[in-house]
Structure formats: structure tokens, C-alpha cells
Amino acid sequence: MDNMILTIITFLPVLGVLAILLIPKEQVVSIRHTTLFFTLVTFVASLCLIFRFDPVATGMQFEVNIPWIEQFGIGYHLGIDSISLLLILLTTFLTAIATLSTFKAVEHSHRGFYISILLLETGMLGVFAALDLFMFYVFWEIMLVPMYFLIGIWGGTRRIYAAIKFVLFTMIGSLLMLVAILVIYFQYHGLNGEFTTDLIKLTGMPLARDMQMWLFAAFGLAFIIKVPMWPFHTWLPDAHVEAPTAGSVILAGVLLKMGVYGFLRFCLPMFPIATFEFIPIISILAVIGIIYGALVAMVQKDIKSLVAFSSVSHMGFIMLGMMTLNLQGMQGSILQMINHGISTGALFLLVGMIYERRHTRMISEYGGLASQMPVYSTFFMIVLLSSIGVPGTNGFVGEFLILLGAWKFNAVYAILAATGVVFAACYMLWMYQRVFYGKVTNPANQTLTDMSLREKIVLVPLIILIFWIGVYPKPLLNLLEPSVKAVMAQVEVGRAEYNAYHGIVESVASEIELSDAENVKPEGTE
Amino acid sequence: MFDLIFIVPLLPLIAFTINGLFRNKLSKTVVQSLAVGSVGVSFVISVLLFVELIGLDPAARSITQVLFAWIPVGDLQLNIAYLLDPLSAVMILIVTGVGLLIHIYSIGYMAHDPDVKRFFCYMNLFMFAMLTLVLGDNLILLFIGWEGVGLCSYLLIGFWFEKKSAADAGKKAFIVNRIGDFGFLIGAFIIFWAAGTLQFNELRAVAPEMFVVGGSAITLATLFLFFGATGKSAQIPLYIWLPDAMEGPTPVSALIHAATMVTAGVYMIVRLNFLFVMAPDTMMVIAIVGCATAFIAATIGLAQNDIKRVLAYSTVSQLGYMMMACGVAAFTAGIFHLMTHAFFKALLFLGSGAVIHSMSNEQDMRKMGGLRKHIPITYKTMLVGTLAIAGFPLMSGFFSKDEILWKAFSSGQGHWALWLMGILTAGLTTFYMFRLVYLTFFGERRYDDHVAKHVHESPKSMTTPLIVLAALSVIGGLIGIPHALGGGAHFKKFLAPVMAAIPGETAHGGHHDMTMEYILMAIAISIFAAAWFLARYLYRMNIDKVTSLKASMAGIHKMLLNKYWVDEFYGAAIVRPIVNGSIFLWKIIDVLIIDGIANGLGYIARDMSQTFRRVQTGFVRGYMVAFLFGVVLIIGYLVVR
């Protein structure tokens, strides 16, 4: 059972696709319910993982490893640690929620829509479960297809432009990744006389520093575009604005995490020396992204693109946390991936709800909704608080850990990043004021109805998670710790060579802290 | 009994949850009873806890109740845990006691508001956050309360959100506080990486080993924390949100923006006094900022016409006193003033609310006058509050302010200039407060008949809290009468276990020459009398002269009336550039440059592939170009690097 479960979870949605194909395309309701059923079953199945997961064991669990294309050394290799476990849970959870949210949003080609959602889910689950480079690549690319259709067919007015932009940006990155995979493949053969794409075998392969640099760059570009980090982020606002609600939820909630996950699972463990080399450049991009995303979000006129730019800012936090390479920063980073999936997913759901009512997302079209839709505005406020990291919500725990870790890593970056927290309050509250406060001035808003039962059911689980992770994140943090430590240990391998190359002599940790603290001028503190 | 500590903050949270979820189904009476009742029971438990604590040996008066582990990551072990010691015991008494009175008052004050249920929800949430703030046993749990009260402040300032000014003020309060919170977090980071813990009692134990007195780490950490305090406690440069916060309902101004939340910065500094005393430079900054804030806010208060705005600037000014006390290491005096201020400022705000209530929501003092005959209870209690804040001998404010001024003069960190500014501020305070009293309650009536018809004394639910607070404003100072006046300084003795010895100073010998203390006290009383006399002369006896006086000092008056144009300056120097810069980033960097490059490459790819297509059909267009582009990028990076 344990070695089958990952396969079952990954391909359950495909089974759902087959089921939907059997339903005549006119029977929209049963198509919807079938999709919801399969996403729920997948979610429940992934919940089983938690109960069978050994929290103290190191290494991968639920592994299945059978030869697939033997002559090329490609294997069907799945397995997860606690990092992928949480991301899989996030995926199945958000897909089910997103499916439920679409019941009124889709206006044509229902069958195609739900098939896309289900295929997308399999693609995402495969990415998080694959332990074979080839398989990972296949799932990574498969995902693009349904996402392309989701944006391009069920999207807004500029959907074609957005869909092509999304695919082209991603493709540029993933092609380089494919080249890098081939290089590793032949490198391994050169060293061991064996062809393999197995990640576990490839990890720890002694690669020369220069080779690592090239490979890290090739993988890294693919992941950076996916995250997306500044300046490769411009596909994101377009994709989000044009995508249907469910597409935005999954895009922001899960797809962006794949970039970060890629770094964690591939770049950092396989190329530890290069990791140290690239940390300065990635962390500075992260900090730029935090501030840049927040500032640009502030002046957006469209609520969805505001949320999209806020994602750029949040993803900057997540990448910064990972680059700290310390326990607080990295755990915060991974926890924040989950948090961002929850809060930004919820934000897109909420925006989708008024979009369904008014068919506009322009902030200026609204105003005074708090008196018109009190329940909706309360939900929005709670999610907003989570998004800007108010203590007591999940967002705070993640941001706090990231910034705490970042301070040890580089105090100046931590200070710069922390300004992002201030700007977050600015853009969110300003938007909230313009949408919800004041009097209802636009007559079109006077007939708005408050949330329906289905809409509440969609959001309540997310709200519960927001508070649960905010108040009692301990189980998640404990779960993550061994896996994070494992990644840290894999990266640590590269430190000696990095130091030797740059002639760095390790100094006592406490001295670093002091000098860090002294680098910061007290100006502006009074 | 100490097992019940967690109940104190929990009860308002439960009431908030029930009222919040079911407020549509519950009647107004049920909501109000739950809201007021939960705070009432919390107050009773606080009193019992206090009694229990006093029964303990002074050295044993520190009880930690760990509820559960919150954020455990590596060395970072944060618990949800409450700490009851003399400091937090005093604070929960103030918060629940004054909070209860204000909740009761709100029943009357908000009786006609259709959204009264929502109001009580927010108020309860605030109580929970504030109690968590003062009971938290580590810096980050304190921070939960810290941002929680900020959130409630935002919600309550913007309670009448249909009014743009109210929504603006709420947002401004939240954002300015967030700027301060940024400093708070940075300070916490420095402390954690230097000391390895954020738990107060552990910090106190390890601080002397982990930090060097006057070292850069401790100085920076405390400066950043103080920056956080300037946000919450409305000090220069972040005080600007508090006057605007008066857009909220008056009970909110009394509870949040006078008695409790705004004192959180002072509380935090006193809570961490053992760290601050290790950073003399920070202490100097705190003393100067506090002193300057006290003085400048008092000057602005002279020229305001809105009754609540006068009180708001007065609050900023009084908070400046508390900060100055912290800056001269007179932490006990700071908390003492915090307590007396909670009594008399809550009283004054509630009194002003009763005035506004009786005046059909008029807040401009120029349109009041002669009210003392019509609302006698409000008048008498407000007069008591005025005497207390002005420092009339033997009233609560007299003792606490005198203690601060004396320490500013005499303590190791003190300076005569601080005392001088402090005593001038005291004079200004007396003047603007009596100006308020005379304009509101004396002289001719300046309101129209329509308003006059409705002038009435407030209901019992509003006057009773006024009377209780008035009594507290009179006698509240008695527990801290200094030795110089033959008192026992009980308050100081009670708080002593929380306070750290100041490095480099011998233990308090206490036998200083009291002559100087008496001289300063005499000066203070004379200045009080002079300022009262001046206010009486101008606003009671010769109100016509005010106009000519204003005209003769038109420039200064305009400057004070416009609050030194600080808001305008911030708008032009900070807000505007940031917004314009953001538009630049979006329109130019994002759309024009980055997207321009991306789209340009797309067009090149299309054109090239069309060229290539002629040469060789079946070419996977775009892919190859993209590949080339990527390689060039990497080579470029490696070469340039």
C-alpha cells in the first residue's frame, strides 16, 4: 500500500478525466459534481499520507522506484519528504476549493474546463512527488498545457496574449533546464559509467565548481521565472488578470511554489558550491522583488493585478528565506509557501466572487461594499490580515521566521525586506478602503448580494487554516524540521570548497553577528 | 488561583467570538451583557490575582503560566505563555478596570448607533489584545497584542467607515503604527541573535552576560525598539496618527487612545528596563524625544478648537512625560503616571463625550459655553480631571508628574534642561486645560436654540463611570506619595522587583537632600497657579481680549493651528515621492522596459523564424531562439561577473 499511494494520488485526477469523458457534455451539473468528487477523493487520499508519514525518519518516504525506460536509465521514481508532503496537501486542498468556486464562473465548454483542472492537478502532484529528473521534467511541462488552455480559453479579454506570454516565459526557462538535465545525465555517465536520471543518485555527485555554476544557472533560470522573481515577473500580472478565478487560485497557490520547490529539491542539493556562489544574486533579486512588488501593487487599478504584484512581493520573502540557509529562514520560507497559497488563493477567490457579480475588477468601480456586503467584507478583512502578516494569522509566523533568519544572514537585506511589510499594509488597506469603505456611490453596487452558502463553504476552510497556522504552527514546524535540516546538510557539503575557492577562513559566528549589527547605522530610528 | 491568569484575556476573546459569529441572531441586550460581563469578570479575576500576588514574598512575585508551544524552530522557542508579576498585575488592573468603566459608559453613549453590536465586538477584541500585550511572557507574544491593539484601533477609528475622514484616519493609524512595528521587529531580531532568547525572564537573566553596557548591539536593539514605541505611544516622529484617531467614537478615544493602547510603548520599555539601562545613549534619546514631544504637543494643544483634539494633543504630551521618565531611568514614575493618566484622561475623554452627546454631536468649543449649569455632573467631574492633569496639589497627577520632574532633574540620566522643558509643559497643560473648561462650561452660550433644546445631562450609565473615574483621579496618587511628602512610596516598592539596577550606579541610597525637591515642587505649584490665573484671566474674565491676542500673534497662532504643518511635510516629502516612484516603476520599468524587451524578443523570434522557415521548414521556432537567448544571458553573466 505505502508504495502505491503516491501513484494513486497523482493519477486519481486522470481517472476523473476518464470519468468526465463518459458524461455527455451537456450534463454540466454532473460534470461539475464528478470533478468535485475526484478532487475531494484526491484530497482525502493525500490526507492519508499525513497519518502514515513518519515524522522523525529522514530521507524520502512512500518511495516507489521501478525501471521505466531501462536503456536510458529512466525510472518511475516517486517519493516525498515533509516539504513535498505539505505542498501535495496544499495542491489537493486548493484544487478542491478552486473546483467548488467555479460552479457559477464557467460559462462555456464546461467539460474542457474541468478536464484541464484535473490534468493540471496531476501535473502539479507529479512535480512534487517525482524523484527522477526525467519524470520531473515531463510533469513540469505537462502542467503548461492545461494552464495554457485555462487562461487562453476561459480567460478575460487579453487572454491570448497572456496565455502565450505565460507559456513563452516558462518555456525559455524549462528548455535550458532540459539541456542541463542532459548535461548532468552525461556527466554522471562519465563518472560512473551508468546512465541514470534518478535524483537520489545524482544528488551528491561530485561536480566541479564551474560545471555546478552552469547547471545551477540553467535550472535556476527556469525556477526564477516560475517563482517569479524580479525582473522575470511580468508574465504573472497578465496571466493572473486574464485567468479565470480557479486558474488564478491554482497559479498563485501552487504553480509559483514549484519554482521555489525546484530550488529546494534540485539546485540546492545537487549544486551546493554553486548555491553559495549564487546566494548573493538571488537574495538581492528577492529583496528587490519584495519592495518592487509591493510598490507597484500600491498603484494598481485592478484588484487582481494588485494581488498579483503582492504575490511578487511575497514570493520575494519566500526566496529570501530560503537563501538564508539557516533553520529559521528556511522553515519560515516553506511555511510561507503554504501560507501564501492559502491567503493569496483566498484573495483570488474573493475577487472572483465580486467579479461574478459585477464583471469588473477595477477598484474605482466599487466603494461602500462594507455596508452592502458585511459578511463578504469581514471575510475579505480576515484574509487581508493574513496576507499582510498580522500576528495571530498564518502570515505572521512565516514572515517573522523569514525576517528573523534574514537578519542573521544579512542585516541590511532584513531591514530592506521588512519595509515590504509596511508597504503591504499600505497597498492592502488603501485598496480595502476604496472598495469597502465610504458610501455606496455606484448604483450598480446597490443591488449586490452578500455571500451565498456555497461561497462561504469555499472560504471557511481557508479561514480556519489562517488562524490555526497562526496560533498553533508547531505541528507543521516540527514536521518540516528534519527535511529542512536534510537540505541544509546537503548544501553544507559545498561550503568547504566555496570557502577554499574564495580564500575564506571561517570566523566565529558571534563576531559575524556583531559586525553585522555594527554595519547598520542607527539613523532613521529616532 | 494563578491557574486563572489565562482566563483574564480569554474571556473578552470568547465574548468577541460569540458576538462576532452570532451578532445577527443575538439581541442588543445579550451582546452588551456578554461584552460588558466578560470584561467585568476579567476585572474581578485581575483583582483576585493582584491580592494573591501581594500575599507572596516580593522575590517570588513572578508567575509564568505556559499554555502551549507556539513557534519552536531551532534555538527559537516561543511559547504562548502569560507572565504575572507586579508590572503586569498593575497593567491588567488598569486595563480591565478602566476598560470596564468605559464599556459601561459605551452602553449609554452608543445606545442610538445602529451598529452598536459591531462596536462591542471590536471593543472586546481590543481587550483581549491589550491583555495579551501586557501579560505576554515573551517579546513576540507581546507583539501579537501590540499589532492586535493596532488592528482594533484601526477598526474602531474607522468605525463610522462611511465617513471618508474616519476611514482615512483609521488607515493612517494602522500604517504609521506599522512603520513603528518595523522597528520593533528589528529590535527583537537583534536581541534574539545576541541573547538567544526573547522570553523576558530569561532575557533579564542573560542580558548582563550577553550585552556590553553601551555596546553597539544593545544600543541599536533598544533604539529600534524605541522607534517601535514612538509609533504606538505617539511620540515624535510618529505621533501624527493620534490626533486624527479622534474620528472614532469617544469611548474609543478614552479607552484606546488615552488610557491603554497608547501606553503600550511605555509599558514595553519598562518591561525591558533591564535592557534599556544598559544603553545610556538610547536612554538619552528617549528622554529628549519624550521631552520634545511633551512640549511640542502641548503647544499645539493651545490653539485647537475641537474639544477632542485638545485632549488628543494633551495625550501625546502626557505620553511624552512618561517617555521622559523612562529616559531618565525613572521607570516606576513612568508607570505611575501611566496609571494616573489612565484615570484622569479617560475621565476627560468620557466627559468630553458627555459634552458632545449633550450638544447634539458638536465638538467645536467655540460653539459651546456656559454648560456648567446644564450638565453639572459632567462639569464637576471634568473639573476634577482638569485639576488632576494640571497637577493641583495632592491630586493624582500632582504626585506622578512631580515624581517625573524631580527625576528628570535629579537622576543620573537627568538634566536641568529636561526639567525646565517639563515644567514649562506643565504650565502649558494647565493653561490649555482650563481654556477648555472655561470655553466649554463658562461664559455665554454660543450654540443655537435648536441645540439648546436638546442639552441634557447624560444617563446614569455614562455619569457613573465619570464619578468613579473622578474619585480615582483624586485618590489614585495616594499609593505613590513620595518620602519627601511623608508617604511610603508603596507603588515604587511594589514595582521594585521588576526594575533593574542601573549599571554604574550604587543601589538607591535614597537619603538625598530634600530641600531641592521642595524647591522644585514649590516652583511647579507656582507655575500651575500662574497658568490657571492666565487662562482664567483670558477665557473667563476677558474673553474679548483673546481675539486681539490672536491677531497680535497671528503667525504663531496659524502655525499652531496647523500643527506646524508636519502632516503636509510628510505628505510632500514621503508619501508623494513613494506613490510617484511606484507609478514610475510600474509604467516605465515594468510595462515599458521589461515587457518591452520580452515582447521585442518575441517579435524578433517571430521574424527570425519566418526567415528561417524559408531556409528550413519544420524548424521549432522560438525554442531555439529562446535557447540562444538563455545561453547568451549566462555567458554574459559569467563574463561580466
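Excluded from the calculations below are hydrogen atoms, water molecules and symmetry mates; all remaining heavy atoms, backbone and side chain alike, are included. Just so it is clear: chains get the letters A, B, ... in the order the sequence lines come, proteins before strands, and each one is counted from 1.
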Asks: At a heavy-atom separation under 4.5 Å, does B/I589 approach chain A through its side chain, its backbone, both, or neither?
Replies: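 Contact with chain A involves both backbone and side-chain atoms of B/I589.
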Asks: Do A/F232 and B/I594 have side chains that approach each other closer than 4.5 Å (heavy atoms only, starting at C-beta)?
Replies: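 Counting from C-beta outward, A/F232 and B/I594 never come under 4.5 Å.
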Asks: By a 4.5 Å heavy-atom criterion (distance strictly below it), what part of B/I179 contacts chain A: side chain, backbone, both, or neither?
Replies: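 It is both, since atoms from each part get that close.
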Asks: For residues 390-399 of chain A, tabulate all N or O donor-acceptor pairs below 3.5 Å that involve a side-chain atom, not counting sequence neighbours.
Replies:
unit_1	atom_1	unit_2	atom_2	d
A/T393	OG1	A/V390	O	2.6
A/N394	OD1	A/S386	OG	2.7
A/N394	ND2	A/N339	OD1	3.4

Asks: Would you mind checking which part of A/W430 comes under 4.5 Å of any heavy atom in chain B, side chain (CB onward), backbone (N, CA, C, O), both or neither?
Replies: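 Answer is both: backbone and side chain atoms of A/W430 are under 4.5 Å from chain B.
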Asks: For A/F400, is it the side chain, the backbone, both, or neither that has a heavy atom closer than 4.5 Å to a heavy atom of chain B?
Replies: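 Looking at A/F400, backbone and side chain both touch chain B.
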Asks: For the residue pair B/P72 and A/L477, what are the closest heavy atoms and their distance?
Replies: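 That closest heavy-atom pairing would be CD-CD1, 3.9 Å.
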Asks: Is there a donor-acceptor contact under 3.5 Å from the side chain of B/W193 to the main chain of A/L404?
Replies: yes
Asks: Applying side chain to side chain contact (heavy atoms under 4.5 Å, CB included), run through A/Y292 and B/D590 and close with a yes or a no.
Replies: CA-CA 10 Å; A/Y292 186 99; B/D590 231 55; 2.5 Å; yes
Asks: Name the region of A/I281, side chain, backbone, both or neither, that has any atom closer than 4.5 Å to a heavy atom of chain B.
Replies: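 A/I281 touches chain B through side-chain heavy atoms alone.
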Asks: Determine the option with the most heavy-atom pairs under 4.5 angstrom with chain B, choosing from A/L178, A/T419, A/L221.
Replies: A/T419
Asks: Can you tell me if B/D75 and A/Q328 form a side-chain donor-acceptor pair at under 3.5 Å?
Replies: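 No, A/Q328 and B/D75 have no side-chain donor paired with an acceptor closer than 3.5 Å.
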Asks: Determine the option with the most heavy-atom pairs under 4.5 angstrom with chain B, choosing from A/M381, A/K439, A/Q300.
Replies: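 It is A/Q300.
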Asks: Measuring only between side-chain heavy atoms, which start at C-beta, is B/F68 closer than 4.5 Å to A/V471?
Replies: yes
Asks: Given a strict heavy-atom distance threshold of 4.5 Å, which part of B/N599 is in contact with chain A: side chain, backbone, both, or neither?
Replies: side chain
Asks: Look at A/T234, A/T378, A/I164 and state which one has the largest set of heavy-atom pairs under 4.5 Å with chain B.
Replies: A/T234
Asks: Between A/Y472 and B/A69, what is the shortest heavy-atom contact and its length?
Replies: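 So the two residues come closest at CE1-O, 3.6 Å.
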Asks: What is the minimum heavy-atom distance between B/G74 and A/E481, and which atoms define it?
Replies: N-OE1, 4.2 Å
Asks: Which bit of B/F192 comes within less than 4.5 Å of chain A, counting heavy atoms only: side chain, backbone, both or neither?
Replies: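 For B/F192, the contact with chain A is made by the side chain alone.
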Asks: Could you look at B/L151 and say if it's the side chain, the backbone, both or neither that has a heavy atom under 4.5 Å from chain A?
Replies: side chain
Asks: For the residue pair A/Q433 and B/K164, what are the closest heavy atoms and their distance?
Replies: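 Distance-wise, the nearest heavy atoms are NE2-O, 4.1 Å.
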Asks: Going by heavy atoms in the side chains, are B/F174 and A/I388 under 4.5 Å from each other?
Replies: yes
Asks: Using non-hydrogen atoms and a 4.5 Å limit, figure out which bit of A/K485 sits close to chain B: side chain, backbone, both or neither.
Replies: neither
Asks: Can you tell which part of B/I593 gets under 4.5 Å to a heavy atom of chain A, answering side chain, backbone, both or neither?
Replies: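 Neither part, no heavy atoms under 4.5 Å.
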Asks: Decide yes or no for B/L76 and A/L327: does some side-chain heavy atom of the first lie under 4.5 Å from some side-chain heavy atom of the second?
Replies: no
Asks: Would you compute the distance between atom CZ of A/F423 and atom OG of B/S582 and round it to the nearest 0.5 angstrom?
Replies: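 The OG atom of B/S582 is 7.0 Å from CZ of A/F423, to the nearest 0.5 Å.
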Asks: Heavy-atom distances under 4.5 Å only: say whether A/L401 touches chain B with side chain, backbone, both or neither.
Replies: side chain
Asks: On a heavy-atom basis, which atom in A/S371 and which in B/E162 lie closest, and how many Å separate them?
Replies: OG-OE2, 3.2 Å
Asks: Please name the pair of heavy atoms, one in A/Q331 and one in B/V73, separated by the smallest distance, quoted to 0.1 Å.
Replies: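 Smallest interatomic distance, heavy atoms only, reads NE2-CG1, 3.7 Å.
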Asks: Under a 4.5 Å cutoff for heavy-atom pairs, which residue among A/L480, A/N478, A/D238, A/V421 has the most contacts with chain B?
Replies: A/V421
Asks: Quick one: NZ on A/K474 to CG on B/N79, what's the gap to the nearest 0.5 Å?
Replies: 9.5 Å
